[in-house]
2 protein chains.
Amino acid sequence: MKVPAKTVFYHIERTIKTYRKFSRQNFLKVVDDITVDQKLVLQYLNDRPELSQNEIAELVFKDNASLTRMIDLLVRKGFLDRSINPKDRRRFHIELTPKGKEILEKLAPVIAENRKRAFAGISEEELVQLEQTLNKIVSNLNKA
Amino acid sequence: MKVPAKTVFYHIERTIKTYRKFSRQNFLKVVDDITVDQKLVLQYLNDRPELSQNEIAELVFKDNASLTRMIDLLVRKGFLDRSINPKDRRRFHIELTPKGKEILEKLAPVIAENRKRAFAGISEEELVQLEQTLNKIVSNLNKA
DNA sequence: CAAATATAATTGATATATCAAATAAATAAA
DNA sequence: TTTATTTATTTGATATATCAATTATATTTG
């Protein structure tokens with residue numbers, strides 16, 4: 001029997017790209033001027049304001065440099081406020097503006113609906129299995 | 001029981017990013033000056049030279065605009081030749097240079113090894129299951 | 001404490017992502 | 001066959017990805 005191994009990453013890539021496009025379109029029905037990744041960064045900053053930019057970057061699988069620029073933009077757009085952190089002047093204190101919090105509220109039901117749509121007809125066991133297989137792959141790759 | 005649904009895309013994203021980084025590093029041991037995506041485009045152009053840029057773009061989940069720029073760069077780097085296609089002057093005839101073919105040959109064993117590493121200890125059934133679940137998600141999302 | 005080292009974030013350069021608009025050539029319709 | 005429409009690709013603008021180098025502040029060492 002043939003192993004479909006050569007195309008597994010193709011399927012993973014396709015899934016993530018399809019979901020991004022789907023999310024983006026649904027976001028646009030409710031708000032404009034925000035991307036899926038920007039929303040994710042806002043969400044982390046909202047839920048865990050103690051995180052440094054580097055820590056957030058790691059959580060969203062981005063480079064520090066990218067995070068710096070995303071945060072710049074989110075500040076320019078009025079979603080975030082950035083001020084000096086007196087405890088450690090290398091870091092910043094970053095928090096959501098009311099506009100930032102508002103957009104998260106507007107998007108919350110959209111995200112929930114997106115996930116519901118994505119996983120319709122897929123059992124919990126199947127999702128757990130998916131996650132476990134992905135974790136195996138990641139841990140294989142991290143075994144230097 | 002808790003559904004881990006809220007983090008499934010996190011895991012998918014993490015897997016693809018981890019694999020990209022892993023591949024990039026292994027590519028660099030053998031060749032330089034080529035990225036994972038550039039290699040993928042070269043591979044398609046090599047295997048199916050009749051494909052248009054738009055068709056390739058779709059296969060690699062990229063925008064036409066991105067493909068144009070990637071191909072420009074691959075031509076500049078000497079991996080591709082681009083000439084006018086007399087059958088349809090809107091399209092181009094694109095083919096690999098000897099240098100382009102050579103780099104694919106050098107990378108072939110690296111790709112094979114990457115996949116072997118990624119899927120070590122994962123059964124065929126499990127990979128088939130992974131693919132099926134991902135396909136369900138994609139088809140859910142495409143159901144307008 | 002002063003010097004060396006480490007950490008957090010930024011900047012620069014180049015490539016890619018995304019969307020909209022523009023070209024150019026091919027095909028269909030009047 | 002002229003006009004309208006479609007198709008293939010490119011270009012422009014802005015944002016993000018990646019890597020290397022830099023800046024500023026903290027921490028560790030001698």
Take the protein atom [atom1] of [X] and the nucleotide atom [atom2] of [N], then report the distance between them rounded to whole Å.
X	N	atom1	atom2	result
Q25(B)	dT18(D)	CD	C1'	12 Å
D37(A)	dT16(C)	CG	P	19 Å
L45(A)	dA9(C)	CG	C1'	14 Å
I34(A)	dT18(C)	CD1	C1'	16 Å
D32(A)	dA15(D)	CG	P	14 Å
K87(B)	dA24(C)	NZ	P	24 Å
K62(A)	dA8(C)	NZ	P	20 Å
K17(B)	dC19(D)	NZ	P	11 Å

**OP:** Examine dA15(D): is either OP1 or OP2 under 4.0 Å from a nitrogen or oxygen in the side chain of Q38(A)? Give yes or no.
**Re:**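 For dA15(D), neither OP1 nor OP2 has a side-chain N or O of Q38(A) closer than 4.0 Å.
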Subject >> The single option from I111(B), L107(B), V36(B), V110(B) passing side chain to side chain contact (heavy atoms under 4.5 Å, CB included) against S23(B) >> reply: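 Answer after filtering I111(B), L107(B), V36(B), V110(B): V36(B).
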Using atom types as modelled and distance alone, determine if a side-chain donor or acceptor of [X] lies under 3.5 Å from a backbone N or O of [Y].
X	Y	answer
K77(B)	I34(B)	no
E55(B)	S52(B)	yes
T97(A)	D81(A)	no

Subject >> Watson-Crick or G-U wobble partner of dT25(D), both distances under 3.5 Å >> reply: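 Across all strands, the one nucleotide that pairs with dT25(D) is dA6(C).
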Original post:
Looking at residues at least two apart in the chain, or sitting in another chain, which of them share a side-chain hydrogen bond (donor to acceptor under 3.5 Å, both in side chains) with R24(A)?
Top reply: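 Residues passing side-chain hydrogen bond (donor to acceptor under 3.5 Å, both in side chains) with R24(A): none at all.
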**OP:** Between T35(A) and R89(A), just flag the one whose closest nucleotide in DNA chain D comes earlier from the 5' side.
**Re:**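 Counting from the 5' end, the first nearest nucleotide belongs to T35(A).
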Subject >> Cation-pi check, K17(B) onto F61(A) ring (under 6.0 Å, within 45° of axis) >> reply: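 Judged by the rule (NZ or CZ under 6.0 Å from the ring centre, within 45° of its axis), K17(B) is not positioned above F61(A).
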Original post:
Centroid-to-centroid, F27(B) to F22(B), below 6.0 Å?
Top reply: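 No, too far apart.
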Mind listing the N/O atom pairs, protein and nucleotides 8-14 of chain D, below 3.5 Å?
residue: dT9(D); atom: OP2; partner: Q53(B); partner atom: N; Å: 3.2
residue: dT9(D); atom: OP2; partner: N54(B); partner atom: N; Å: 3.1
residue: dT10(D); atom: OP1; partner: R82(B); partner atom: NH1; Å: 2.8
residue: dT10(D); atom: OP2; partner: Q53(B); partner atom: OE1; Å: 3.4
residue: dT10(D); atom: OP2; partner: Q53(B); partner atom: NE2; Å: 2.7
residue: dT10(D); atom: OP2; partner: T68(B); partner atom: OG1; Å: 2.7
residue: dG12(D); atom: N7; partner: R69(B); partner atom: NH2; Å: 2.6
residue: dG12(D); atom: O6; partner: R69(B); partner atom: NH1; Å: 3.3
residue: dG12(D); atom: O6; partner: R69(B); partner atom: NH2; Å: 3.3
residue: dA13(D); atom: N6; partner: R69(B); partner atom: NH1; Å: 3.4

